[in-house]
Amino acid sequence: MIARLLIRIVALAAMAYLVLPLIVIIGASLTETSYLAFPPEGLTLKWFGVLFEDPSYVSAFVTSTLLALAATAVAIVLAVPASLALARYVFAGREGVSALLLSPLVLPYVVLGAALLQYGSAIGMARSFEALLVGHVIIVMPFVLRSVLPLLTPEQRALEEASMDLGAGPLATFFLVVLPQIRGGIVSGGLLAFISSWINVELSIFNTTAALNTIPVKMFNYVQYTIDPTIAAVSAITIVVAALVIILLDLLMGLDMLSEPHRS
């Protein structure tokens with residue numbers, strides 16, 4: 001009984017330690033002062049109004065959202081067949097292909113961003129949405145791969161063979177057998193991919209312009225010259241949106257689906 005109580009206390013303390021910075025950021029976004037203050041000195045939403053009245057912030061939010069959604073979608077479309085090929089087939093250079101696809105996990109994003117800028121300049125695609133999309137797909141695709149590959153087990157392969165023995169074609173087998181088994185990996189990998197794309201600064205900063213800006217790069221440039229509660233307001237919106245996405249995912253699919261992907 002005492003041990004269980006201690007474990008609960010430690011768990012609550014750890015949770016409070018993780019949540020406290022988020023509370024500080026949200027509180028600082030509500031202060032009436034023109035500087036960051038916590039506890040907030042008065043309560044106001046004017047900094048959120050300042051944020052949405054600034055076209056550059058609104059544009060950066062839209063760009064970041066579209067970029068993260070597009071990069072995640074493309075990464076899933078590419079990572080799922082790549083995972084199937086790596087897990088199901090033996091071919092020359094398979095280990096090399098696997099290492100190449102996962103290499104963005106260990107390569108510095110600054111190096112990738114600089115390389116993408118040079119290559120984009122050579123082909124006339126530098127500092128464009130397309131260049132950003134290519135770069136973000138490269139850095140987020142490994143998250144989907146790492147989430148899907150462990151689910152493609154020999155047992156799951158046996159289910160595919162049984163499906164085809166019963167007369168189902170490759171396409172029907174994929175949608176009726178394979179996809180339900182790897183759904184949890186796709187969702188969890190997709191969430192990680194979206195978040196990684198949304199918060200990326202190092203790669204994006206090489207390929208953005210004043211007219212084409214993402215919200216992390218916008219914040220990075222903004223804090224170099226001034227720090228006011230507008231920054232906290234941007235962060236607070238990001239926190240709330242992330243929380244709403246998790247709640248929506250739990251209501252629609254259940255978070256337990258992420259930890260038990262083999263159940264449909």
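FYI, side chains are in, hydrogens and waters are out, and symmetry mates aren't considered; it's all heavy atoms of this structure.
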J.: Please answer: with hydrophobic residues joined when any side-chain heavy atoms are less than 4.5 Å apart, are Leu203 and Ile123 in the same cluster?
T.: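 Leu203 clusters together with Ile123.
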J.: What pairs of donor and acceptor atoms, side-chain ones from residues 67-77 against any protein atom, are under 3.5 angstrom apart with sequence neighbours left out?
T.:
residue, atom, partner, partner atom, Å
Thr72, OG1, Ala68, O, 2.7
Thr72, OG1, Phe194, N, 3.3

J.: Are Leu112 and Leu105 connected in a single hydrophobic cluster, I mean Ile/Leu/Val/Met/Phe/Trp/Tyr linked by side-chain heavy atoms less than 4.5 Å apart?
T.: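 Linked within one cluster.
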J.: Mind checking whether Phe52 and Tyr222 sit in one hydrophobic cluster, side chains of I, L, V, M, F, W, Y counted as touching below 4.5 Å?
T.: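 Yes, because Phe52 and Tyr222 connect within a single hydrophobic cluster, where side-chain heavy atoms sit under 4.5 Å apart.
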J.: Any side-chain heavy atom of Tyr89 sitting closer than 4.5 Å to one from Leu84?
T.: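 No; the side chains remain at least 4.5 Å from each other.
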J.: With sequence neighbours left out, which residue pairs that include part of residues 88-102 fulfil the salt bridge (charged side-chain N to carboxylate O under 4.0 Å, His left out) condition?
T.: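 Salt bridge (charged side-chain N to carboxylate O under 4.0 Å, His left out) check on residues 88-102 returns Arg88-Glu160.
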J.: Pick from Asn213, Ile215, Val217, Leu212: which one makes a side chain to side chain contact (heavy atoms under 4.5 Å, CB included) with Thr63?
T.: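 Exactly one pass, corresponding to Leu212.
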J.: Give the table of side-chain donor-acceptor pairs shorter than 3.5 Å for residues 130-146, with sequence neighbours excluded, one pair per line with atom names and distance.
T.:
residue, atom, partner, partner atom, Å
Glu130, OE1, Ser128, OG, 3.4
His136, ND1, Ser197, OG, 2.7
His136, NE2, Ser204, OG, 2.8

J.: Do you know which two heavy atoms are closest between Ile23 and Phe38, and how far apart they sit?
T.: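 Reported closest heavy-atom pair: O-CE1, 3.8 Å.
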J.: Checking side chain to side chain contact (heavy atoms under 4.5 Å, CB included) for the pair Leu179/Val80: CA distance, chi angles, key distance, verdict?
T.: CA-CA 9 Å; Leu179 190 57; Val80 170; 5.9 Å; no
J.: Is Ile199 reachable from Leu18 through a run of hydrophobic residues whose side-chain heavy atoms are each under 4.5 Å from the next?
T.: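 Cluster IDs for Leu18 and Ile199 differ.
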J.: Honestly curious: do Leu117 and Phe220 fall in one hydrophobic cluster under the side-chain, below-4.5 Å linking rule?
T.: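 Yes, same cluster.
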J.: Specify the closest pair of heavy atoms between Leu151 and Gly185, including all atoms of both residues, with the distance to one decimal.
T.: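 Shortest heavy-atom contact: CD1-N, 3.5 Å.
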J.: Quick one: salt bridge (charged side-chain N to carboxylate O under 4.0 Å, His left out) pairs with a partner in residues 34-57, sequence neighbours left out?
T.: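 Sorted pair list comes back empty.
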J.: Looking at Ser196 and Leu192, would you say the former's side chain and the latter's main chain have a donor-acceptor pair under 3.5 Å?
T.: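 Present.
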J.: Flag the pair Pro108 / Glu202 as yes when at least one side-chain heavy-atom distance between them is below 4.5 Å, and no otherwise.
T.: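 The answer is no, as the side chains (C-beta and beyond) never meet within the 4.5 Å cut-off.
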J.: What is the distance from atom NZ of Lys218 to atom CZ of Phe61, rounded to the nearest 0.5 Å?
T.: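 One finds 11.0 Å between NZ of Lys218 and CZ of Phe61.
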J.: Closest heavy-atom contact between Ala87 and Leu149?
T.: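 Distance-wise, the nearest heavy atoms are CB-CD2, 4.2 Å.
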J.: Before you tell me yes or no, could you show the steps for Val201 and Tyr109 under side chain to side chain contact (heavy atoms under 4.5 Å, CB included), namely the whole-Å CA-CA distance, both residues' side-chain angles and the distance that decides it to 0.1 Å?
T.: CA-CA 9 Å; Val201 175; Tyr109 290 166; over 6 Å; no
J.: Give me the atom names and distance for the closest heavy-atom approach of Ser64 to Trp198.
T.: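 Heavy atoms only, the tightest pair is CB-CZ3, 3.5 Å.
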J.: Between Leu45 and Leu30, is any pair of side-chain heavy atoms under 4.5 Å apart?
T.: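 They are in side-chain contact.
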J.: Side-chain polar contacts of residues 229-242 - donor-acceptor pairs under 3.5 angstrom, sequence neighbours left out - could you list them?
T.:
residue, atom, partner, partner atom, Å
Thr230, OG1, Asp228, OD1, 2.9
Ser235, OG, Ile231, O, 3.1
Thr238, OG1, Val234, O, 3.0

J.: Which distance, rounded to the nearest 0.5 Å, do you find between the CZ of Phe129 and the OG1 of Thr214?
T.: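 These two atoms lie 11.0 Å from each other.
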J.: As a test of understanding, state which of Leu78, Leu101, Leu152 forms a side chain to side chain contact (heavy atoms under 4.5 Å, CB included) with Ser83.
T.: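 Considering Leu78, Leu101, Leu152, a side chain to side chain contact (heavy atoms under 4.5 Å, CB included) with Ser83 is found only for Leu152.
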J.: Mind checking what makes side-chain hydrogen bond (donor to acceptor under 3.5 Å, both in side chains) contact with Arg127, not counting sequence neighbours?
T.: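 Listed in chain order: nothing, the list is empty.
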